[in-house]
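Quick notes on the structure that follows.
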Amino acid sequence: MMMMKTTVRRLLPLRFLSTGAPSSPPATRGPRLDPGPLSFQDPGAFRVKSTKELLRALAVFKFCSVPLLVNNCDKLLSVARGVLGRRGLSLLLRPFVYAQFVAGETEGEISRSMTKMADLGLRPMLAVPLEEDLGESTGEQRYEENMASMLECVRLSHSNAWTTDPMMQLKITALLSPELCVKLTELLKHQTSVDLEVLLRGLNGEPIRFPGLDERENAHLLCGLRRLNTIAEASVHKVRVLVDAEYTYMNPALSLVTMAMMKKFNQGGVWIWNTYQCYLKESRGLLQEALDVSSREGFSVGVKLVRGAYMDKERRQAEKEDRPDPVHDSWENTNHSYNGNMELLMDLISQDPQRCRVIIATHNEESVRRTVQRIEELGIDKEGGSVCFGQLLGMCDHVSLTLAEQGYAVYKSVPYGSVEDTMPYLVRRAQENRTVLQGIRKERDLLRLELHRRMRLGRGGR
């Protein structure tokens with residue numbers, strides 16, 4: 001039988017129109033929220049939190065709401081490290097910012113955090129804090145070490161009883177140099193179609209030659225594809241791997257590699273997912289093209305739908321290169337883009353739940369409400385696995401806990417590792433998400449209301 005040639009035809013032009021042992025059983029659950037209409041106004045969502053956790057969250061959110069501190073937190077950390085030393089800095093941050101946003105360092109710490117999360121009805125999406133940008137490439141040995149860390153993440157996600165449907169995040173630039181991804185993106189600009197079979201052969205470990213790359217670059221590409229294949233083979237039928245989007249100057253290459261992985265591993269289920277950034281003007285075209293290619297080639301698609309976190313850098317880069325701004329002109333346009341893409345996916349899932357899965361990864365309450373409304377209108381099974389929700393660990397708990405109490409699958413993005421390893425990751429996330437951090441006033445108000453309620457009752461905690 002002749003093998004079908006796998007090509008991506010319109011995808012590229014569209015891209016450039018703009019711009020250990022199982023854990024012990026969970027402890028007894030705390031008080032459950034009363035079921036009722038979906039609302040994110042009730043401070044009762046935080047009754048499952050200890051008073052210590054409420055106070056820590058209030059302190060951290062107060063810090064994060066000051067732009068001057070967020071914008072300069074990397075410099076502040078550098079000064080603190082110089083004064084206190086690494087150990088002193090770790091002791092300072094561990095009970096504060098680290099405890100709010102990181103699961104822990106050892107398997108025991110991670111397991112305790114995840115068991116508590118599962119007890120609240122939330123699911124973990126583990127994230128190894130590994131990534132690179134231009135000028136940060138570290139060589140093949142480091143990429144091999146990163147692969148080993150991600151394989152450990154697969155093991156942690158699968159071998160513990162935190163959830164029956166675990167997820168993890170993966171950044172391709174932890175396994176393949178950003179410089180090569182940028183060069184691949186430049187090459188793709190001049191091609192009207194790309195043969196995915198080239199990348200599929202690389203995933204299978206066969207020698208490949210990608211047009212436009214020299215011998216050394218092709219060798220590195222092959223090594224990167226082998227690393228990705230190793231992780232995918234370890235995770236398939238065990239852990240769903242969500243590939244993160246990054247910057248527009250490398251995203252086309254990242255998406256092409258991810259599409260090849262989907263073609264290979266998403267035949268009997270949705271194990272490899274790609275991320276679509278709805279603050280980009282081209283996001284609808286990219287999403288629709290991915291759906292068209294998957295339908296034509298016969299594989300399922302996993303979609304992580306986000307607004308996006310790199311707006312400031314994307315705009316500065318576009319201005320520097322004298323090219324059109326790839327980001328939507330207004331917050332309202334981004335909201336329209338996100339909600340429109342969500343509705344496209346809901347309609348598709350209602351017709352064929354096996355063709356696509358989506359995680360609505362947002363802290364935006366209106367988008368969450370709209371999604372829930374569409375799920376109900378279209379009769380989508382909220383326990384069927386086709387639609388789930390996602391937020392960051394330590395943030396937006398009033399949304400996460402309310403959704404979980406209503407029976408929806410809710411994942412929290414969970415970084416883990418030492419203070420030294422996770423702080424650069426958290427600093428980058430904080431600066432990329434500064435608009436989100438500055439908009440957490442409502443969550444702070446709800447935390448205060450719950451704290452005041454306990455004070456009125458004369459309670460020091462649960």
Side-chain angles (χ1 to χ4, degrees), residues 3-19 131-140 142-144 146-147 170-230 232 243-264 272 274-275 277 280 282 285-286 289-290 292-293 296-297 310 314 317-318 320-324 326:
M3 180 180 292
M4 180 181 294
K5 188 175 184 180
T6 310
T7 59
V8 182
R9 293 184 176 85
R10 291 186 292 123
L11 182 65
L12 300 174
L14 280 170
R15 287 195 174 279
F16 295 97
L17 287 176
S18 331
T19 49
E131 61 186 304
E132 288 185 356
D133 198 359
L134 292 174
E136 299 175 354
S137 297
T138 49
E140 294 293 346
R142 181 59 182 270
Y143 294 132
E144 291 292 317
N146 289 348
M147 180 184 71
L170 179 148
K171 283 189 178 288
I172 289 180
T173 53
L175 304 164
L176 193 63
S177 82
E179 285 78 12
L180 182 60
C181 294
V182 170
K183 182 166 183 179
L184 281 171
T185 295
E186 288 299 314
L187 292 173
L188 295 175
K189 289 181 181 181
H190 307 292
Q191 301 185 33
T192 57
S193 66
V194 174
D195 187 358
L196 283 182
E197 294 298 335
V198 174
L199 298 179
L200 285 168
R201 290 198 300 272
L203 289 170
N204 291 329
E206 301 173 23
I208 60 171
R209 185 166 188 80
F210 197 94
L213 298 183
D214 61 30
E215 184 176 348
R216 181 184 59 83
E217 291 165 335
N218 271 298
H220 176 56
L221 175 60
L222 179 59
C223 289
L225 292 172
R226 285 173 174 168
R227 285 187 282 265
L228 288 163
N229 188 73
T230 299
V243 178
D244 285 332
E246 301 186 45
Y247 301 104
T248 52
Y249 53 73
M250 65 174 74
N251 275 345
L254 306 183
S255 289
L256 187 66
V257 170
T258 305
M259 290 289 286
M261 294 173 67
M262 284 188 189
K263 171 65 177 174
K264 179 174 181 179
I272 306 298
N274 199 14
T275 300
Q277 301 160 305
L280 296 178
E282 60 179 358
L286 300 179
E289 184 59 29
D292 291 345
V293 170
R296 187 166 64 243
E297 303 297 347
Y310 307 123
E314 290 286 3
Q317 193 72 17
K320 179 180 177 181
E321 297 175 2
D322 194 28
R323 57 179 171 82

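These values consider heavy atoms only, across backbone and side chains, with no hydrogens, waters or symmetry-generated copies.
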Just verifying a value: how many Å separate [X] [atom1] and [Y] [atom2], rounded to the nearest 0.5 Å?
X    : Y    : atom1 : atom2 : answer
D244 : T275 : CG    : OG1   : 5.0 Å
C223 : L176 : SG    : CG    : 9.5 Å
R201 : L225 : CZ    : CG    : 11.5 Å
L188 : L256 : CG    : CG    : 5.5 Å
Y247 : Q317 : OH    : CD    : 10.0 Å
L196 : M259 : CG    : CE    : 6.5 Å

Of all heavy-atom pairs between [X] and [Y], which one has the smallest distance, and what is that distance?
X    : Y    : answer
P178 : Y143 : CD-OH, 4.0 Å
L199 : A260 : CB-CB, 3.7 Å
E186 : H190 : O-CD2, 3.2 Å
V198 : F210 : CG1-CD1, 4.3 Å
A253 : C181 : CB-O, 3.3 Å
A232 : I272 : CB-CD1, 4.1 Å

field: Flag if over 12 foreign heavy atoms under 6.0 Å of CD, E215
entry: no

Any donor-acceptor pair under 3.5 Å linking the side chain of [X] with the backbone of [Y]?
X    : Y    : answer
N146 : A174 : yes
R227 : M147 : no
Q277 : E246 : yes
N204 : L200 : yes

Could you check if a side-chain atom of [X] sits within less than 4.5 angstrom of a side-chain atom of [Y], using non-hydrogen atoms only?
X    : Y    : value
N274 : S255 : yes
L170 : M261 : no
K264 : N229 : yes

message: Between V243 and L228, is the side-chain contact (heavy atoms from CB on, under 4.5 Å) condition met? List the steps.
response: CA-CA 11 Å; V243 178; L228 288 163; over 6 Å; no

message: Walk me through whether E282 and N251 qualify under side-chain contact (heavy atoms from CB on, under 4.5 Å).
response: CA-CA 12 Å; E282 60 179 358; N251 275 345; over 6 Å; no

- request: Could you pull out all residues at least two apart from E217 that satisfy side-chain contact (heavy atoms from CB on, under 4.5 Å)?
  value: L180, K183, L213, D214

message: For E321 and Y249: C-alpha separation, side-chain torsions, deciding distance, then whether side-chain contact (heavy atoms from CB on, under 4.5 Å) applies.
response: CA-CA 11 Å; E321 297 175 2; Y249 53 73; 5.6 Å; no

